[in-house]
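Worksheet for the structure shown next.
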Amino acid sequence: MSVREEQQKYIHLMQQYTEGKRLKYHIVTYGCQMNVHDSEKLAGMLQEMGYEEAQELEDADLILFNTCCVRQHAEERVYGNVGALRSYKQSNPNLIIGVCGCMMQQQEAADDIIKKFPFLDLVFGTHNLHHFPKLLYEAINSGHMVVEILDEEGKVVEGLPARRASNVSAYVTIMYGCNNFCTYCIVPYVRGRERSRLPEDILDEIRGLAANGCKEVTLLGQNVNSYGKDLNKGYLFTALLRDVNKIENIERIRFVTSHPKDLSDELIEAMAECEKVCEHIHLPLQAGSNEVLRKMNRRYTREDYLRLVDRLRARIPDIAISTDIIVGFPGETEEDFRDTLDMVERVQYDSAFTFIYSPRKGTPAARMPDELDIEVKKERLNRLIALQNDISKARNQLYMDKVVEVLVEGVSKNNPKMLSGRTRTNKLVHFEGGSELTGEFVKVKITLPKAFTLEGHMI
Ligand code: SAH
Ligand code: SF4
Ligand code: F3S
């Protein structure tokens, strides 16, 4: 029996169970786009099993927490939010609660969750997402907690349904896992080694999306630049980009994340030549000091990074560059930190995600002496944020009176009269308009650039 056939068997059994019950699910997702897309796949399976989505947690018969463990803070939120459901479960014994995702892929964290929250029905990791219908069926029928955490990642499983948040813009996983082992990072331990999907599977999926009205795809992987290396077919990320660029009705292509060590000249060339590839790159810097970069096992220097930025800007003049930066890595001196500020000044990022280093058990950095005071870390973070905010503001100011192409995502969350959408450079734009424009490309003249968003009017 193929993986999908076995899954279909349990989906069918679940359909018999849900029939006539009008059961609803709610998924709470933490972490990166990878996890967001995993939740879309869980939702796809739930829809096939006969569940409907509940907008509010309170209305759900099944609640799933798809967890992240990249920083301590992400884990704490899971404990708080799962714990808060104890009383729900007492008042509604039929409620099914599950916890899955990266945090559960760590045996210790999973054991702890199971011990602290014995009322859970279902616990599973990242490697067995496709077993979800079976696990859910067993949890419902056995009446006790079902736990399945696989040690090994196994083969890539194709053909899973996904229920995407948007019809217009879609996430498409091109590879799973990571081989880089940056010394601070837990991801390789919870997502396994790099496994690329076959080009035809990816291209078929995108053609299918395009046929359903999708206009923008974001190709996902922890390090998309090394796509295809494990397939040994000589078909690499640049080839994939060029092929996606040929798919009719897809108008925009994005990708995350690019590791600077693997950003080749060929890739920059492909980005410049493929008209659908957007003028934006997320290029995590992590630190500006060569000594810290070395201790992080990032395998590039600040000089290498600056050369990449020069090349990108030479070939794609309007490119927006965003980044991730960690402050307070073990042993980071004031001078090291100033190197980070210096890099931020030099590169002039459009935006940056900034984090205080969080030791992750089992990673090499967690064993390095970490003598920095939390107050010092916070103070550094604040200095970094203040500098970046000024730069973001200045970068956005360049859009004043410019006309930009915006792909309308929908009605703005904060103001029902406004629409929001993104420029090719990934800037969020707010402007007045009717919701019927969702999914359309419109031209917007920018009249009010702010630090994090742009405002304007349609022309
Ligand atoms: N694969 C991607 C993203 C990984 S996680 C990449 O390589 O860029 C997203 C970000 O979280 C990382 O870029 C890093 O800045 C941050 N991060 C990862 N581990 C961390 C830790 N232990 N403490 C603080 N930030 C961390
Ligand atoms: Fe983590 Fe580094 Fe892999 Fe990114 S490239 S997921 S930071 S180990
Ligand atoms: Fe993503 Fe967090 Fe897992 S960043 S890969 S959800 S640990």
Side-chain angles (χ1 to χ4, degrees), residues 27-40 42 65-78 99-106 109 125-127 129 153 171 173-194 219-227 255-263 281-288 292-293 295-300 305 321-330 332 340 349 351-368 370 372 374 377-378 380-381 384:
I27 306 178
V28 183
T29 310
Y30 306 85
C32 63
Q33 289 101 329
M34 209 60 106
N35 245 24
V36 171
H37 188 43
D38 280 353
S39 290
E40 292 179 337
L42 291 164
F65 291 90
N66 191 7
T67 62
C68 169
C69 53
V70 80
R71 284 172 292 276
Q72 181 71 29
H73 178 66
E75 295 200 342
E76 280 160 10
R77 284 168 58 209
V78 171
V99 184
C100 62
C102 293
M103 192 176 159
M104 293 306 98
Q105 194 59 48
Q106 300 169 279
T126 58
H127 297 330
L129 207 67
E153 53 260 40
Y171 287 140
T173 306
I174 63 165
M175 62 193 298
Y176 301 89
C178 180
N179 289 355
N180 290 316
F181 290 95
C182 304
T183 54
Y184 50 81
C185 185
I186 194 77
V187 171
Y189 304 86
V190 293
R191 289 279 176 172
R193 292 298 70 69
E194 285 179 3
L219 310 178
L220 293 183
Q222 296 298 347
N223 176 18
V224 289
N225 300 0
S226 69
Y227 169 80
F255 52 86
V256 274
T257 298
S258 290
H259 194 303
K261 80 174 164 57
D262 297 315
L263 179 60
I281 190 165
H282 186 66
L283 196 62
L285 170 69
Q286 310 299 4
V292 175
L293 285 170
K295 285 191 198 151
M296 286 178 162
N297 189 31
R298 289 293 287 177
R299 286 175 278 173
Y300 54 83
Y305 190 100
I321 306 180
S322 56
T323 201
D324 292 350
I325 297 173
I326 298 174
V327 302
F329 188 78
E332 183 190 73
T340 296
Y349 291 108
S351 63
F353 295 107
T354 51
F355 310 105
I356 289 183
Y357 167 69
S358 172
R360 305 283 70 204
K361 214 167 171 198
T363 63
R367 295 189 291 274
M368 297 178 191
D370 175 16
L372 275 179
I374 182 66
K377 293 180 187 169
K378 281 187 186 161
R380 286 184 189 168
L381 183 72
L384 175 61

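As the structure lists them, so they are numbered: ligands from 1, and atoms in each ligand from 1.
By the criterion of a heavy-atom distance under 4.0 Å, the side chain of Arg298, and not its backbone, is placed next to ligand 2.
Put simply, part of Gln286 is less than 4.0 Å from ligand 1, judged by heavy atoms. At least one heavy atom of Arg191 sits less than 4.0 Å from an atom of ligand 3. Within the structure, the closest approach of Asn223 to ligand 1 does not fall below 4.0 Å when heavy atoms are considered.
Close contacts between ligand 1 and Val70 involve ligand atoms 5 (S), 18 (C), 19 (N), 20 (C), 21 (C), 22 (N) [criterion: under 4.0 Å to a heavy atom]. Those atoms of ligand 1 that come under 4.0 Å of a heavy atom in Ile326, given as number and element, are 14 (C), 15 (O), 17 (N), 25 (N), 26 (C). Residue Arg71 has at least one heavy-atom neighbour below 4.0 Å for each of these atoms of ligand 1: 11 (O), 16 (C), 17 (N), 23 (N), 24 (C), 25 (N), 26 (C). Here is the list of ligand 3 atoms found below 4.0 Å of a heavy atom in Cys32: 1 (Fe), 4 (S), 5 (S), 6 (S). Within ligand 3, the atoms closer than 4.0 Å to a non-hydrogen atom of Asn35 are 6 (S), numbered from 1 in the order shown.
At least one N or O atom of Ser358 sits closer than 3.5 Å to an N or O atom of ligand 1.
Among all non-hydrogen protein atoms, the one lying nearest atom 3 (Fe) of ligand 3 is Cys102 SG, 2.2 Å. Ranking the protein heavy atoms by distance from atom 2 (Fe) of ligand 3 puts Cys68 SG, 2.4 Å first.
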Intermediate values then yes/no, ring pair (Phe, Tyr, Trp, His ring centres under 6.0 Å), His259 and Tyr300: CA-CA 10 Å; His259 194 303; Tyr300 54 83; 5.8 Å; yes
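Inside a sphere of radius 2.8 Å centred on atom 3 (Fe) of ligand 2, the protein N/O/S atoms present are Cys178 SG.
Both tests pass for Arg71 against the ring of Phe355: distance under 6.0 Å to the centre and angle within 45° of the axis.
Relative to atom 5 (S) of ligand 3, the option among Gln222, Gln106, Met34, Gln105 with the closest non-hydrogen atom is Gln222.
Note on Arg380 versus Glu332: salt bridge recorded, some NZ/NE/NH1/NH2 to OD/OE distance being below 4.0 Å.
Using modelled atom types and a 3.5 Å distance limit, the side chains of Asn66 and Ser39 yield a donor-acceptor pair.
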